[in-house]
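Worth knowing before you read on, the calculation uses all heavy atoms, side chains too, and leaves out hydrogens, waters and symmetry mates. Indexing begins at 1, ligand by ligand and atom by atom, following the structure's order.
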Amino acid sequence: MREVKVGLCGLGTVGSGVFNVVSRNLEAINTRSNCQISIAQVGCRRDNKDCDMSAVNITRDIFDVAKNPDIDIVVELIGGTTVALELVMLSLENGKHVVTANKALIAEHGMAIFAYAESRGLMVCYEAAVAGGIPIIKALREGLSANRINWLAGIINGTTNFILSEMDTKGREFADVLSEAQAKGYAEADPTFDVEGIDASHKLAILASIAFSMPLSLDGLFTDGITQLEPQDVAYARELGYVIKHLGIARRSASGIELRVHPTLVPERSLIAGVSDVSNAIMVNADAVGTTLFYGPGAGAEPTASAVIADIVDIARVLDSYPDSWVPPLGCHSSVLQECTLMAIEDVETSFYIRFSALDKPGVLSDITKIMGDTGISIEAIIQREQPAGERYVNVIILTNVTKEKCLNEAVAQIEQLETVRGQVSFIRVEYLDQL
Ligand code: HSE
């Protein structure tokens, strides 16, 4: 059997997962790849107590791995976009194929990395960069290659889903759940990437690029996280029959492509509403197949290792074949990728959940419904919540029908001007996702 030597760079949560799963399942991995795969060198700043490194060649300089003439595949699991980019480029320069789980690196520098790899006749694989253990890159690039993809929408950050699930079902505090997500190895090194939606925007850019055959770019991608979300909105959403999920949405329409990441109300009877804990789920709607749902663990050591090792196996299987027969990184040849017009968020049409605090006196609601009518917004449901005795203001919650976001912004500005309304109006977008 052909020998395939892997150099593992990074021995944190994912690196240790890769090391342990390879050690545990080596026989099956070799059978499936029809190669003899080994981790020939590990580059890491320090040992990991979860891994038995007694028989391993270790270097404290990851660039040694990129330059090691024995290595066929370099696995980049150090994260970040500076040293990681240098490592990947140096590995390619030295004739190594590359596997990475680094979504920021692929979203920001993917085009340059793929171009360089192509010029060198090498592969760069990144299944683990999106949705942890779910093989969504393979599904989009290969399984759905017969289809024109209309839209995809998904829970693509495990940490935020974990936080929202715990807030919803156990009423836990945001900060407390985030600490637990960090301890479990779900969160990014800088957890603001998770809770501000940046990690999800990197993943959405990658999914959209494959789905719509467009170059990777973060420009024009609307990003909002969950830090402004109030526990009362999670509770009100439940009362109305919805669950708040942090979604990445990519949709193709006659007006262009929508790319947006934000908290979203979804009907509680939809399948995606039931996706809890660190799980991810991606719905893909395409013309031939209809709507499909891909579900599984979105973060964590071994689920992510599962995707990394699948990439190693994929490379090992075709290592000696002609590069033209390989699946291109974005599903089609780079020369046919086309820039697309991205829609501004103000032009996107959705339904909205709105909450504000209004004086409890006659005529207030009619002023508000008049504003909604004047700005062309149709109301789907409205509820007014009783406040404790002595409180003169009440919470008003409105669900709208589908409207352009610029109309909603106009209505919000006018409502905030009313003397009977206190403070700001908060709103959250609502999606029905084909009711799947
Ligand atoms: N921090 C990421 C998440 C890890 O929580 O989803 C997996 O990409």
Side-chain angles (χ1 to χ4, degrees), residues 10 12-18 21 75-81 84 99-108 110 125-138 140 152-167 174-208 210 216 218 221 223-227 229 245-249 261-264 272 275-282 294-311:
T13 302
V14 181
S16 63
V18 171
V21 175
V75 179
E76 181 279 306
L77 299 173
I78 59 170
T81 53
V99 173
T100 178
N102 191 330
K103 51 262 160 168
L105 183 72
I106 295 297
E108 288 177 24
C125 298
Y126 57 91
E127 181 64 69
V130 183
I134 308 173
I136 186 65
I137 303 297
K138 196 177 251 303
L140 283 175
L152 60 86
I155 296 169
I156 47 178
N157 182 269
T159 302
T160 39
N161 201 47
F162 181 61
I163 294 172
L164 290 176
S165 303
E166 294 287 299
M167 282 170 77
F174 180 99
D176 168 43
V177 193
L178 175 57
S179 305
E180 191 182 335
Q182 288 176 283
K184 288 184 159 160
Y186 302 156
E188 296 302 297
D190 176 356
T192 57
F193 271 55
D194 297 291
V195 296
E196 299 289 0
I198 300 161
D199 176 77
S201 71
H202 290 144
K203 294 168 178 168
L204 185 68
I206 296 171
L207 294 178
I210 303 170
L216 285 159
L218 291 162
L221 195 159
T223 305
D224 191 15
I226 60 165
T227 49
L229 208 58
K245 292 292 179 192
H246 189 251
L247 295 188
I249 299 170
V261 163
H262 51 68
T264 313
I272 215 162
V275 174
S276 59
D277 205 61
V278 72
S279 297
N280 280 192
I282 299 124
F294 300 86
Y295 166 83
E302 294 207 356
T304 314
S306 162
V308 169
I309 298 165
D311 278 346

**OP:** Write out the residue and atom name of the closest protein heavy atom to atom 6 (O) of ligand 1, then the distance separating them to 0.1 Å.
**Re:** Gly158 N, 2.7 Å
Subject >> Protein contact to atom 5 (O) of ligand 1 [nearest heavy atom, distance to 0.1 Å] >> reply: Thr159 OG1, 2.6 Å
By number and element, which atoms of ligand 1 are closer than 4.0 Å to a non-hydrogen atom of [X]?
X      : result
Glu188 : 1 (N), 2 (C), 4 (C)
Asp194 : 1 (N), 2 (C), 3 (C), 5 (O)
Lys103 : 4 (C), 7 (C), 8 (O)
Gly298 : 6 (O), 7 (C)
Ala187 : 1 (N)
Lys203 : 2 (C), 3 (C), 6 (O), 7 (C), 8 (O)

Subject >> Contact summary for Ala305 and Val18, nearest pair of heavy atoms >> reply: CB-N, 3.4 Å
Subject >> Within-4.5 Å side-chain heavy-atom neighbours: Asp311 and Thr100 >> reply: no
Subject >> Qualifying residue, where the test is side chain to side chain contact (heavy atoms under 4.5 Å, CB included) with His246 and the options are Val261, Thr264, Asp224 >> reply: Val261
**OP:** State the CG-NE2 distance between Leu216 and His202, to the nearest 0.5 angstrom.
**Re:** 11.0 Å
